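Since the structure comes first, as structure tokens, the remarks are kept for the end.
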Amino acid sequence: MSDQEGLMEKLVSLCKRRGFVYQGSEIYGGLAGTWDYGPMGVELKNNIKNIWWKMFVQGRDDMYGVDAAILMHPKVWEASGHVSGFSDPLVECAKCKKRFRADHLENKEKCPECAGKLGEARQFNMMFKTNIGAMEDDSSVSYLRPETAGGIFVNFKNVVDSFHPKLPFGIGQIGKAFRNEIAPRDFIFRVRELEQMEVEYFVRPSEWEGKFEEWRNGVHAFNEAVGIPKSAVHELEVGDGDRAHYSKRTIDFEFDFPFGRKELYGLAYRTDFDLSAHMKGSGKDISYFDEETKERLTPHVIEPSFGVDRTFLAVLASAYAEDLQNGEVRTYLKFKPSVAPVKAAVFPLLKNKPELVNKAREIYAELKKDIPQIMWDDNGNVGKRYRRQDEIGTPFCITVDFDTLGETPEMRDTVTVRDRDSGEQERVAITDLSSYLQTRIKV
Ligand code: GAP
């Protein structure tokens, strides 16, 4: 096994052991392509989404947020081209009947599992179909959205009518999307139920190139904010034959995942494809009237599209570290404090000393008011607690000891704060603890 394969195995095992990610429907044998985020995972995921939302929606005057329905009118996906074109080439082995994505196979003739003969490739539409209401016939067919973008385009006119934004402006959304992937794989990298963070940024046709560059920088700024190193991200200019049907230019941002260099995000110039298609499909005029120039136009769109699950995996892989402490291998996640699921853990030095426990509980309760992502831990000795917190990437561990209670008088009402990465310890006054932590967990 290569080091990188080994890393993937370690990540998957740590995720299960420490409550980040579990196999979907695990006790029933699992459901392929679905994963459940556990108590640590949901915090990490929410931190990632909050950083994105703050950076690209709340932090900007030219951005509006929406949260549209996952189920949409089927005509949305006819107009957008997904009903006819959102498909991958599927091949089936004549012998073992396994199915593969033809474009992922090196040998298109031979089954990679049993060496049997592969059949002809056919296009397989990846949208999940469902029926709306009590009738299960063609008239009730609907789809789970395959991208969050659709909910933005259909609300374009609503947002314009409510807020009268001037071009350029954008609409952002975070939410679930569903794709019936032929071969879900690589843990949470390729899943059937995923989450996206997408911006549709509406521009005048003449300004698309400049705005495309701005969003290109935005992608790198976001990576930096969540702790994905620039050296592990590579831009790929997607060629003519390989772009999605709506795109005139696409850059894929690829990341060095443990299983190879693969797409992390996409940045696309979708022209006026979607707004024009929905105008045609719905019969409604959703064009934009520029009140200054008195011109009516269909804006063009720049779309940075971020997968939450892939960001999660890239953040996790970037943070994974091992070192030697006291002759033992220590595993730790060197998350940026801003994404860490737990910001600090509070321990009484000893569990069976009520005076220590009471003081530690008091400090914990006070801190939790200011910093909700804080954990109580009194299991095992302090060394074991450090290891446990290191494995979930807690940047600070606070120990309440006898000096806190005044055994050494000049240390009364101070605690030990231990730094996850360096292991160094500092004595901090209880009165300063909240602001000490708050300044350090913002980054
Ligand atoms: N609206 C544009 C769009 O959806 P995409 O390249 O198909 O474009 C955008 O998807 C991003 O969504 C990808 O870069 C990736 O981060 C994420 N993504 C797509 N399919 C995924 C899957 N099956 N599992 C996990 N993430 C996925």
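Count residues from 1 along the sequence. If you're wondering where the values come from, they're calculated on a predicted model, not measured in any experiment. Every number for a ligand or one of its atoms is a count from 1 in the order of the listing. Below, all heavy atoms of this structure are taken into account, side chains as well, without hydrogens, waters or symmetry copies.
A salt bridge does not link Arg190 to Asp186: none of the charged side-chain nitrogens sits closer than 4.0 Å to a carboxylate oxygen. No salt bridge links Asp323 with Lys334; every basic N to acidic carboxylate O contact stays at or beyond 4.0 Å. Look at Glu291 and Lys166 and you find no salt bridge, because none of the NZ, NE, NH1 or NH2 atoms lies under 4.0 Å from a carboxylate O.
Interface of Gly266 with ligand 1, defined as ligand atoms under 4.0 Å from a residue heavy atom, comprises 14 (O). The Glu181 neighbourhood of ligand 1 comprises atoms 22 (C), 23 (N), with distances under 4.0 Å to a heavy atom of that residue. Ligand 1 places these atoms under 4.0 Å from at least one heavy atom of Glu147: 1 (N), 2 (C), 3 (C), 4 (O). Listed by number with element, the atoms of ligand 1 under 4.0 Å from a non-hydrogen atom of Arg270 are 1 (N), 2 (C). Heavy-atom contacts of Tyr265 reach the following atoms of ligand 1: 14 (O) (cutoff under 4.0 Å). Every atom of ligand 1 is numbered from 1 in the order shown, and the set under 4.0 Å from a heavy atom of Glu198 is 1 (N), 2 (C), 3 (C), 4 (O).
Within the set Leu194, Leu313, Val238, the minimum heavy-atom distance to atom 18 (N) of ligand 1 is found for Leu194. Closest heavy-atom approach to atom 20 (N) of ligand 1 within the set Arg179, Arg190, Lys262, Glu193: this belongs to Arg179.
Defined by atom type and a distance below 3.5 Å, a donor-acceptor pair is missing between the side-chain atoms of His300 and Arg204.
With ring centers used as reference points, Phe212 lies 6.0 Å or more from Tyr269.
The shortest separation from a heavy atom of Val191 to ligand 1 is under 4.0 Å, placing the residue in contact. Using a 4.0 angstrom heavy-atom cutoff, Phe253 does not count as in contact with ligand 1. Arg185 does not count as a contact of ligand 1, since none of its heavy atoms falls under 4.0 Å from the ligand. In this structure, Tyr246 counts as a contact residue of ligand 1, since one of its heavy atoms falls inside 4.0 Å of the ligand.
The single protein non-hydrogen atom nearest to atom 9 (C) of ligand 1 is Ser305 OG, 3.0 Å, given as residue, atom name and distance.
By the 3.5 Å distance cut-off applied to N or O atoms, Ala149 is not counted among the residues near ligand 1. Inclusion of Glu200 in the set of residues having an N or O under 3.5 Å from an N or O of ligand 1 is not warranted.
Phe153 is linked by a ring pair (Phe, Tyr, Trp, His ring centres under 6.0 Å) to nothing, counting only residues two or more places apart in sequence or in another chain.
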